[in-house]
Structures are given as structure tokens and as C-alpha cells.
Amino acid sequence: MARRALITGITGQDGSYLAEHLLAQGYEVWGLARGQANPRVSRMRKLLADVQVVRGDLLDQGSLISAVERVQPDEVYNLGAISFVPMSWEQAELTAEVTGMGVLRMLEAIRVCSGVSRGSNTRSGQMRFYQASSSEMFGQVAETPQTERTGFHPRSPYGVAKAYGHFLTQNYRESYGMYAVSGILFNHESPRRGAEFVTRKVTLGVARIKLGLASELRLGNLEARRDWGFAGDYVRAMHLMLQAAAPEDYVIGTGRMKSVRELVEAAFTAAGLDWEQYVIRDQTLHRPAEVDLLCADPKKARVQLGWEPTVSFDDLVAMMVESDIRLLSNGGDPDQDSSWP
Ligand code: NAP
Ligand code: GDD
């Protein structure tokens, strides 16, 4: 019988790549979708016709229990979150509820449905749980590069909520013997990345300028540095983590850092443009507390999981610029759900 996976965050960037990867491995894939008439669900159904949808919301404990009871998954991937860091200052409580408490609700749904009682410490149930932890937890970094042992100093309500989810996942593993792991993933991007994140904002901006649809691009802090990889590579790591003999946490990244300025240069160059003629620095886009740099040491994942990234920074940027030029040339609107490439 096919193995069964339940993915929260199915309408997001990672949900789509993970679903494709698991379907290709022969899994029966279920996606948890929220809302009464969520247009992102119809967009997802077009791209991923073989994914089955179960209704639920990370804010609603009962709905998660019902979803787990109905699907009876072998593996649960918790990717659902408020994931845009600036939004976490504007809606800190909602971020705590979805990105933080949502992890507790998902773990409780699995615990209850597996029949694990408080106080028992046996290796429980068969369901394996993956939590989408984040390099944002490192925040003001204690050391560079960051490993699984580096301490956390989150700089945003989002980072704090992710740290809660991370420790809780560890705690359920230790308290109940659950197979529950966290992937501490560094920034990963793709043509399906949300338009609010800096890589996609830049590649869409470049495409608009190239096609004469815009004349400038406003950006915040150009000096921040990130370890950027390709989302398609990172979802392979999520799956590998749940196939390991023992439940452990892993750092996933490329080990290479680039600044936002270098990202901008690479994207404009890929379209044959000079970025300095178009980019405007906008102080209002700076964050209350910035994460200045992030750089992964993915050695543990390489050695124990055999995981390697396959797409370089330059190839990733070129892929996104080409995709956005094609999208806009064909009359697509990235803000319209039907135009998801
Ligand atoms: P994304 O594109 O922003 O997707 C977020 C998903 O969360 C969407 O499917 C959204 O569904 C869902 N969601 C939001 N609120 C929800 C709720 N109340 N109940 C259920 N689902 C809800 O994020 P992503 O880039 O794919 O990232 C996936 C996960 O990895 C996130 O947890 C993110 O924080 C984490 N992460 C991402 C990166 C990265 O660089 N991409 C790095 C480290 C960690 P709707 O369509 O209903 O809004
Ligand atoms: N979004 C955005 N827009 N960021 C900008 C801009 C701008 O106009 N100008 C400069 N930046 C800088 C931000 O200040 C930040 O330092 C960097 O670009 C990256 O910003 P984002 O692309 O928004 O990503 P992030 O690093 O804050 O968060 C992403 O990666 C995390 C993993 O480290 C998200 O995917 C999180 O969900 C994820 O956990």
C-alpha cells in the first residue's frame, strides 16, 4: 500500500514542491487547506491535481484531530505558518498562534490519534512528524556558520514563534518518544516564491523594468546577507529526515552567503540591466530589528542524510528572472492566483 503523507501549508511554495516530490516517490499525498473559499486552494489543485485536500486550520485543534483521524498519515509535514517576517511585527499575536501554537496543536493531534497517553515514554505510534524550523531562530548569530548546536537569539516575533515550535518538537520527542524532527532551513527560493520576499520582489521588479512596465525598484537593507538555495532541493531534505533510522534535527543550507546587493546585481545582470539606474533605497522598508547575516554549516545533513544542494546562487537567480520575464510577457499577473508558474 502507498505511504500516506499529510502536508500543512500545501498552498505555499514548499508545500507544492514537497507534494510533487512525494507524489513522484509513490506517496498518497493529502494537503491541509483552510478557509471557506481560499483562492490559493484552487490554484494548488490546478498545479497538483493528484493531491487530496482535507480541510483544517492550525488555529483550530478539533479540525487538526479530524484531519489526522481521516487521513491516517504515515508522515506529517508541518509547513503551515505566517512566514513573512515583517508581518510578524504587525500581527505578533496571530504569528504566535499560527507559527508557534499551531505546532503544539499539530503535535497534539498526532499524539491523541496515536493513542499516546501522558506519562508514557514508549516509542509511540507510526506517524512521523516534520517541523519547518527556520534559520531566523539564530537571529543575531552567536557564531558563523550556524550548526545544529548554535544557540538562538531570534530578532522578530516570527523567529520567537519558530523557536517555540522547535523546542516543542524536541520536547514531544523526548516526552512521548514520538518520531518528531525539525529541519532548520535557511532561505530557499524558486519561481513559486511569494512576491513579498526579497528574491521574488527583485526578480519581478527586474522583469517589469525589462518589459517597460516599471521604471524603479524600491528596496530596504541591501547589506543583509543570507544563505539562499533552491526550494526544490530543500524539500528533498525534509523527506530524507523522516526516513532516517533515528529522529534528529538538521541544518539545511548551501554554506554560502550573499548580500541583498549581490542578489540585486545578479538579477539585473541576468536581464542585461545596470541595477544602479533603477534601485531606490527606502528607509521605510528597514526592519525594527534586522538579522544581519545567516550562513549554514550543512555538514551533518551531507554526512548523515547524503543531502547536497544542486542549484547555485547564480543559476537560481537566473531561473527566477527568466521565469518572471516569461510570466509577465504572457500577460500573467503574479498577484492573481491563476498565474502561479
Ligand atoms: P509560504 O509560501 O508563505 O506558505 C505558508 C503556508 O502556510 C501557506 O500554505 C498558508 O496557507 C499556510 N497557512 C497560513 N496560515 C495558516 C493556518 N492558520 N492554518 C493552516 N495553514 C496556514 O511559506 P514557504 O516558503 O512555503 O515555507 C514553508 C514553511 O517553512 C513555513 O513554515 C516557513 O515559515 C518555513 N520556512 C521557510 C523558509 C524559506 O526560506 N522559504 C525557510 C525556513 C523556514 P494559505 O494559502 O491558506 O494562506
Ligand atoms: N522582503 C523584503 N523586501 N526584504 C528586503 C527588502 C525588501 O524590499 N529589502 C531588503 N530586504 C532584506 C530584509 O531586510 C532581509 O534582511 C532580507 O532582505 C531577506 O528578506 P526576506 O526575503 O523577506 O526573507 P527573510 O530572511 O526575512 O525570511 C525568509 O527566510 C527565513 C529563513 O531564514 C522567510 O522565508 C522566512 O519564513 C524564513 O524562515
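Indexing begins at 1, ligand by ligand and atom by atom, following the structure's order. All values derive from a computational prediction rather than experimental measurement.
- Among protein heavy atoms, the minimum distance from atom 9 (N) of ligand 2 is reached at Gly220 N, 2.8 Å.
- Using a 4.0 angstrom heavy-atom cutoff, Glu189 does not count as in contact with ligand 2.
- Of the listed residues (Gly12, Ser83, Gly194, Gly80), the one carrying the non-hydrogen atom nearest atom 12 (C) of ligand 1 is Gly80.
- In terms of protein heavy-atom proximity, atom 8 (O) of ligand 2 is nearest to Lys201 NZ, 2.8 Å.
- Listed by number with element, the atoms of ligand 1 under 4.0 angstrom from any heavy atom of Ser134 are 43 (C), 44 (C).
- Near Ser135, with a cut-off below 4.0 Å to any heavy atom, the atoms of ligand 2 are 32 (C), 33 (O).
- Ring centroid separation for the pair Tyr27 and His21 does not come in under the 6.0 Å cut-off.
- Remark: ligand 1 atoms within the under-4.0 Å shell around heavy atoms of Ala81 are 5 (C), 7 (O), 12 (C), 13 (N), 14 (C), 31 (C), 32 (O), 34 (O).
- For Tyr234 and Trp307, the ring centers sit closer than 6.0 Å to each other.
- Below 3.5 Å of separation, one finds an N or O of Tyr158 facing an N or O of ligand 1.
- Within the 4.0 Å heavy-atom shell around ligand 1 one finds Asn38.
- Centroid-to-centroid, the aromatic rings of Phe230 and Tyr17 come within less than 6.0 Å.
- At least one heavy atom of Lys162 sits less than 4.0 Å from an atom of ligand 1.
- Annotation: Tyr158 places an N or O atom under 3.5 Å from an N or O atom of ligand 2; distance criterion only.
- The proximity of Arg40 to ligand 1, defined as any non-hydrogen pair under 4.0 Å, is limited to the side chain.
- Salt bridge annotation for Arg225-Glu262: absent, with no cationic side-chain nitrogen under 4.0 angstrom from a carboxylate oxygen.
- Residue Ser135 has no N or O atom closer than 3.5 Å to an N or O atom of ligand 1.
- Those atoms of ligand 2 with a heavy atom of Glu290 less than 4.0 angstrom away are 13 (C), 14 (O), 15 (C), 16 (O).
- For ligand 2, the atoms lying closer than 4.0 Å to a non-hydrogen atom of Ser134 are 31 (C), 32 (C), 33 (O), 38 (C), 39 (O).
- Residue Ala33 does not touch ligand 1, judged by heavy-atom distances below 4.0 Å.
- Residues Arg192 and Glu20 are paired through a salt bridge, judged by an N-O separation under 4.0 Å between the basic side chain and the carboxylate.
- Salt-bridge annotation for Arg3 and Glu75: present, with a side-chain N of the basic residue lying under 4.0 Å from a carboxylate O of the acidic one.
- Not close to ligand 1: Thr8, with no non-hydrogen atom less than 4.0 angstrom away.
- Which of His286, His188, Arg193 comes nearest to atom 35 (O) of ligand 2 through a heavy atom is settled by distance: it is Arg193.
- Ranking protein heavy atoms by distance to atom 20 (O) of ligand 2, first place goes to Arg287 NH2, 3.3 Å.
- In terms of polar-atom proximity, Leu185 is not counted as a contact of ligand 1, lacking any N or O under 3.5 Å from an N or O of the ligand.
- Under a 4.0 Å heavy-atom criterion, Arg193 is in contact with ligand 1.
- A salt bridge links Asp249 with Arg173: at least one charged nitrogen is closer than 4.0 Å to a carboxylate oxygen.
- For ligand 2, the atoms closer than 4.0 angstrom to any heavy atom of Val260 are 12 (C), 18 (O).
- By the 3.5 Å distance cut-off applied to N or O atoms, Gly15 is not counted among the residues near ligand 1.
- Using cut-offs of 30° and 60° on the angle between ring planes, the pair Tyr77 and Tyr130 is tilted.
- The protein heavy atom nearest to atom 45 (P) of ligand 1 is Thr11 OG1, 3.4 Å.
- Below 4.0 Å from some heavy atom of Ser83 lie the following atoms of ligand 2, by number and element: 34 (C), 36 (C), 37 (O).
- For ligand 1, the polar-atom distance check against Ser133 finds no nitrogen or oxygen pair separated by under 3.5 Å.
- Each of the atoms 8 (O) of ligand 2 lies under 4.0 Å from some heavy atom of Leu285.
- Closest heavy-atom contact between Val53 and Arg70: O-NH1, 4.3 Å.
- Between Leu79 and ligand 1, at least one pair of N/O atoms sits closer than 3.5 Å.
- Remark: ligand 2 atoms within the under-4.0 Å shell around heavy atoms of Leu294 are 33 (O).
- Of the heavy atoms in Ala224, only side-chain atoms (C-beta onward) come closer than 4.0 Å to ligand 2.
- Residue Arg226 has at least one N or O atom closer than 3.5 Å to an N or O atom of ligand 2.
- When heavy-atom distances to ligand 2 are checked against a 4.0 Å cut-off, Asp282 has no atom that comes that close, whether in backbone or side chain.
- Residue Val98 touches ligand 1 through its side chain alone, judged by heavy-atom distances below 4.0 Å.
- Within ligand 2, the atoms closer than 4.0 Å to a non-hydrogen atom of Val85 are 27 (O), 28 (O), numbered from 1 in the order shown.
- Residues satisfying the side-chain contact (heavy atoms from CB on, under 4.5 Å) criterion with Leu285, sequence neighbours excluded, are Lys201, Arg218, Asp282.
- A salt bridge does not link Arg105 to Glu108: none of the charged nitrogens lies less than 4.0 Å from a carboxylate oxygen.
- Of all the heavy atoms in Val251 and Gln146, the pair that sits closest is CG1-O, 3.9 Å.
- A salt bridge between Arg208 and Asp324 is absent, with no side-chain N of the basic residue lying under 4.0 Å from a carboxylate O of the acidic one.
- Residue contacts with ligand 1 for Gln13 involve both N, CA, C or O and side-chain atoms from C-beta outward (heavy atoms, distance under 4.0 Å).
- A centroid separation of less than 6.0 Å is found between the aromatic rings of Phe152 and Phe138.
- When only interatomic distances are considered, the shortest N/O to N/O separation between Val198 and ligand 2 falls below 3.5 Å.
- Checked against a 3.5 angstrom limit, the closest N/O atoms of Phe197 and ligand 2 fall outside it.
- Checked against Val321 for a side chain to side chain contact (heavy atoms under 4.5 Å, CB included), the options Leu273, Thr269, Leu316, Thr203 give a single hit: Thr203.
- Listed by number with element, the atoms of ligand 1 under 4.0 angstrom from any heavy atom of Ala132 are 29 (C), 30 (O), 32 (O), 35 (C).
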Show me the side-chain donor-acceptor pairs of residues 154-162 shorter than 3.5 Å, one per line, residues at least two apart or across chains.
from, atom 1, to, atom 2, distance (Å)
Arg155, NE, Gln140, OE1, 3.4
Arg155, NE, Glu290, O, 2.9
Arg155, NH1, Gln140, OE1, 3.1
Arg155, NH2, Glu290, O, 3.2
Ser156, OG, Glu136, OE1, 3.2
Ser156, OG, Gly159, N, 3.0
Lys162, NZ, Ala132, O, 2.7

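- For Glu28 (side chain) and Arg4 (main-chain N/O), no donor-acceptor pair under 3.5 Å exists by modelled atom type.
- For the pair Arg256 and Phe313, the cation-pi test (distance below 6.0 Å, angle within 45°) is failed.
- With respect to atom 30 (O) of ligand 2, the closest heavy atom belonging to the protein is Asn187 ND2, 3.1 Å.
- With a 4.0 Å cut-off on non-hydrogen atoms, Phe84 does not touch ligand 1 at all.
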